[in-house]
Amino acid sequence: MSGFRLEKGGRIDRSRPLSFTFEGVSYEGYAGDTLGSALMANGVSMLGRSFKYHRPRGLLAAGLDEPNAIMQLEDGAQARPNVKATGVELYDGLRAAPVNAWPSLSFDLLSVNSMFARFIPAAFYYKTFMWPHWSLFEPAIRRAAGLGVSPEASDEDIYDKRYAACDVLVVGGGPAGLQAAQAASRSGARVMLVDHDAQWGGSLMASNRHVGQDPADDWIGRVVEELRAAPETQLLNRTLAFGFYDHGLVGLCERLTDHLPLAERSGPRLRFWKVRAKSVILATGAIERPLVFPNNDRPGVMLAGAGATYAARYAAAPGRRAVFAVNNDSGYESAAVLRRLGVDIAAIADARPGLSAKGAQMAASGINVFTASTITNVRGGKKVRAAELHKLDDDGQAVKGSAALVECDTVLTSGGWSPVVHLYSQAGGKLRFDEQIQAFVPRECGQHVLCVGAAGGEFSLTQGLADAARAGAAAARDCGFDAADIEPATVDGEAFGNIRPIWQVDVSGLAGERGKAWLDFQNDVTSDDVALAIRENFKSVEHVKRYTTLGMASDQGKTSNVNGIGVMEGALGKPMAQVGTTTFRPPYDPIEIGAFAGRRVGENIAPLRPLAAEDAHEMLGARFEDYGGWRRPAFYAQDGEDEHAAVRREALAVRDGVGLFEASPLGKIEVAGADAREFLNRFYVNNMATLKPQRCRYGVMLDENGVVLDDGVLACLGPNRYLAGTTSGHAALIADNMDEWLQCEWPDLDVVVQEVTTNWAVMNVNGPRARDLLRKFDCSIDLAAEAFPHMHVREGEIEGVACRIQRVSFSGELSYEVAVPWGFGASFWAALMDAGREFGVSPFGVETLMALRVEKGFLHVGADTDGMTLPQDIGFGGVISRKAADFIGRRSTMRPDSLRDDRRQFVGLECLDGSAKPLTVGAHVLLPESAPPALTQGWVTSSVYSAALGKPVALGMVANGRERIGEEVKIWDRGVSRRARISAPGAYDPEGKRLHV
Amino acid sequence: MLQISCPYCGARAEIEFRCGGQAHLERPGPHDQVSDRQWAEYLFYRDNPKGVSLERWVHRFGCRQWFNVARSTLTHEILAVYGMGEQPPQLEGTKR
Amino acid sequence: MSKLERMSPLGRGISATAYSSEFVSLRQQTFFGVAKVIVRKSDLLGSPELEALLGVRAPQMANTVVQGSGVEIAWAAPNQWLLLGDEAEVARICAAAQTAFRDETALVLQLTHAYAVFQIEKTGARDVLASLCPLDLHPRAFAPGRCAQSLLGDAGVFIQQCNEAPSFRLMVDQTYAGYAWRLLSEACKSLSSS
């Protein structure tokens, strides 16, 4: 336990102590702590076990680059797996647990894996667990290797969403971001400044710097205050810009309540922002790289900058006696911060041969600075006890016999800094390798995006601020604002100097076994794994990534990718610029799926549309189902009836008396104009050119592939005026298609179109008593059989309300579809039920309608047809041959495959075994003598028990079926065969006498 | 998510639009004078350019108007928006 | 008298049809007249008869609304307009326009029953809409007299800014009234709680 709380300083609020638990043990921290800093302050140095080898791990970083400290927070519905301790603001009562240790952190049974480390190289699992199949081993391996546990309770949180537009979006609230936002904001442009941190200031928060003459904090405060006061500037803290998409779209995740104690949370937990920015400035800083040396994953080995951040920002020291290993000047600044705060600096090993100015300063103040030296090993298992240092020769190899063993409880390393170019790269930006800072930096991007400060590879703060001020003003000017350049702030102290790249400390010349050197801490990828991958001929950086899993953990290799590329440089003998980077993909840091789902959960996913008389259906016992996006009664259950009984009862009621069915979802599209007739004739398979006013005609529509797309009744309301009916689920599709054809293909046609489906509620009065029932109403339309025959349409009034009545039938009985303005639909339904009582009216549902139409052999598109059904397959060959004009899809009906004589055709199927049980839909139609498996002749597409006929009836698609009417076939369903005979579709009233009454 | 400039409504989010595929397809006809090959070309064969793609879009949740878009398949940049029936503007890399 | 009664789109299943807080208020506007005029030739809308009927020339500029005598006329698409206002007034103008356009390629359709209409007001209205709709409704991009069609969640919506308060009129297909109400009222509550 080496970490401890400093007695003073830091940006924590010591007047607000907070208690929390880790692995069941209670600790105390302060407001302003992260879970990571609070654990460090409590001396908890081991925070997790590694993914593959279950090695003990502690904090490496202080921000979202942290690979080790992965936590499970809370439980039940509040459980959050796999969060980084460094990104969790401490709150009172927080409960955390490590994710990859069993039964406990200090005694992890699976840590035996680490004893066999030499046997678990890259791709070990895939190579070893191949026979008989990987999937047999996977569950056990996943258990051993997995991360956190998925919450079992359903998520009770609310997730908000916000679209936003702005002129200039500045990502990153550190010095460069603040400066850029200030410059842009002063022009009056719409500016957004976002940072994932709760506090503004970025790297300045953990520094001892001055901006101009003032302490950095004063400058931060002034700028933030100015930005807050600017009316068109919006500041979002606790907001991570996680993805850069096309056309200036940036995804943000704002954490609204995660920092609060559970009991104090209300309202949305996260808010997912989709920001469309005209110009984006990325001030996302840089990530420090660890040095790669044996046992560099021991708890207590940390990034130098992180060590300084913990001490300066959180007043949590990583140890009492630190050894630094650096290859650039930034580590000296970190050492200075820690030293000022009372940490003993035991030694600094600098890989560079000569003393830099910073190094000389440090040495002059009495610190042991070893030049041309580096760290070659760490002593200690669960915590650091000592660091081994060696001299480096000119080739970067550790020199035998030059060892110094320095006792310490923490090792802080700096291998240089990598600009955070993730968002830039996601935006399509290209990178180049900068030799001076030994990192990938932005080069060019097609989108309006600029990286400033460390994100742009500029490690001088003064220069970075000047660039940022210029960029902010320029971005505002690009958006049309008259932005003046502002005087940038200057910052004291520079801290990078030159760098000696040491991608992997070369210990090959030293005696003794030293253990592995880690690149990717979270996925347990070592430098040896990369070397092995290359030996096995995986030479592309993308292949090495996937083979070794380097950079594929939830931290996406923030601390490991550049080091990995550096190791590849050595192994491949090709410069890093040519090795290149892997592709950066969103999200920058994991975002909960809930944020993306937003309010699209529960009944708000694909919301069902209600019928006009929904309440009445409910009262009548309707069992609702989703039919094409509509919530419709399948049937109405009475006295505990099951579906079959209800459908049987309802079907008989329609056949013997009268039934009532709400058909409001039927698609209705008004088509008008001098060329309406011509247009519709091109749209339907049927000849619509001869349709006369007040008449209806059933029609089939195809897509250009000739496939049956929809069917419905076209009504001619008057000269040049039509109402096209579609099936319930297809109204919008057909209306869209009509628009597309008119606008794209036939713009010369004099036609206008408007869908009106939901303006009209439709009640279908169906059955021999239908006319008697409707006559109970005060209606301006003459309903007499001769005045209003089958397949006619009339417009008028019913009970003083506009109505449209079509005499069409999907049941084979006398049937009227009466449309009234939707708002009257519920009342009209009630009036029909009321008036129908004397006729024994029965409401009926979609399943009953289906039973009635199957009895009649009426086709149902999508049930009897599929994506290969052509009109000739469903009996429209004659209609086509009698029509001269072209129509959508016609040419496709003439292809060789369309003209095959063994195509499956729509037929009836009559059961011959005397059973009352309907055939199974989907059952295969086979030749009577065939023994399955046998080539299928087709299948059953619709099947019901017909109450009217007292036997099952079925429809199907059968090869050359129409020619084979009368032939006996075998209906085979998963081992059960039944006898049937092919028939013409339509077992009930085949002559259609009941329609014309 | 793209931002597409509807010729009538101006710049709007992609979710308001629907892409109708390759633009400037010519429907051969009448049906009885079209070879199988011609019909197959019209139905199934599409350009797959690395560069400028000419495609038609509809402002489905806006004014419901169709129009043409010239879009780079490399950068997703929209290089031009023009009306139905209009010829594509001269753009570098446009297939004639 | 008809024995048929009229029901509003939110008549079913939704107990409250208004929400109000310090920041935002939301209510359903019932029985609001809506009609759509579609013509094939745009000069039809400039005809003296129609201009006399509307009291104003229908807007030619996309996504704008003009106040006529009795009804507002909103651009919906090239050669397509929505007539909005008192139901009876809309019906009266519709009937007259139908007569006027009898011999033209045109559709004049009363669609009052096809829409649910909501009014959302106060300072938080823009934030509520921004949680559901991708339009930029910032005063620099949208203002009274402007309208647009877009998405509210997954449903199509017509949005019109009525005044600078601001107040917005939203129209969705009435079969999505419940859905839109749930989304809007939940977003209003989220705004008030955060």
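Here is the naming used below: chain letters follow the sequence lines, and residue numbers restart at 1 for every chain.
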Distance under 6.0 Å and angle within 45° of the ring axis: does Arg682(A) meet both against Trp746(A)?
->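 That pair qualifies as a cation-pi contact.
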State whether Tyr42(B) and Arg891(A) meet the cation-pi test: NZ (Lys) or CZ (Arg) under 6.0 Å from the six-membered ring centroid, and within 45° of the perpendicular axis.
->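 No; the conditions do not both hold, so Arg891(A) does not lie above the ring face of Tyr42(B).
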Which atoms of [X] approach chain B - backbone, side chain, both or neither, heavy atom under 4.5 Å:
X	result
Glu745(A)	side chain
Gln447(A)	neither
Ala735(A)	both
Thr893(A)	neither
Phe887(A)	backbone
Arg895(A)	both
Ala885(A)	backbone

Please assess Asn759(A) against Lys668(A) for the test side-chain hydrogen bond (donor to acceptor under 3.5 Å, both in side chains), listing each intermediate value before the final yes or no.
-> CA-CA 9 Å; Asn759(A) 197 61; Lys668(A) 312 163 194 80; over 6 Å; no
Does any backbone or side-chain atom of [X] lie under 4.5 Å from a heavy atom of chain A? Answer side chain, backbone, both or neither.
X	result
Trp66(B)	both
Glu77(B)	backbone
Leu74(B)	neither
Val34(B)	both

Any donor-acceptor pair under 3.5 Å linking the side chain of [X] with the backbone of [Y]?
X	Y	value
Glu16(B)	His59(B)	no
Thr73(B)	Pro49(B)	yes
Thr726(A)	Ile734(A)	no

Should the pair Glu740(A)-Arg56(B) be classified as a salt bridge under the 4.0 Å nitrogen-to-oxygen rule?
->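 Salt bridge: yes.
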In plain terms, say whether Asp167(A) and Arg190(A) are close enough for a salt bridge, that is, a side-chain N and a carboxylate O under 4.0 Å apart.
->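 Not counted as a salt bridge, because no side-chain N and carboxylate O are separated by less than 4.0 Å.
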Could you have a look at [options] and say which one has the most heavy-atom pairs with chain A under 4.5 angstrom?
options	answer
Thr75(B), Asn68(B), Leu2(B)	Leu2(B)
Arg27(B), Met84(B), His76(B)	Arg27(B)
Leu25(B), Asp36(B), Asp32(B)	Asp36(B)
Arg18(B), Arg60(B), Glu26(B)	Arg60(B)

After noting the C-alpha distance and the side-chain angles of Ser892(A) and Trp39(B), does the key distance pass the side-chain hydrogen bond (donor to acceptor under 3.5 Å, both in side chains) rule?
-> CA-CA 8 Å; Ser892(A) 292; Trp39(B) 191 248; 2.7 Å; yes
Residue among Gly446(A), Pro896(A), Cys744(A) with most heavy-atom pairs under 4.5 Å to chain B |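 The residue among Gly446(A), Pro896(A), Cys744(A) with the greatest pair count is Cys744(A).
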Kindly state whether the ring of Phe242(A) and the ring of Phe596(A) have centres lying under 6.0 angstrom apart.
->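 Distance test on ring centres: under 6.0 Å, yes.
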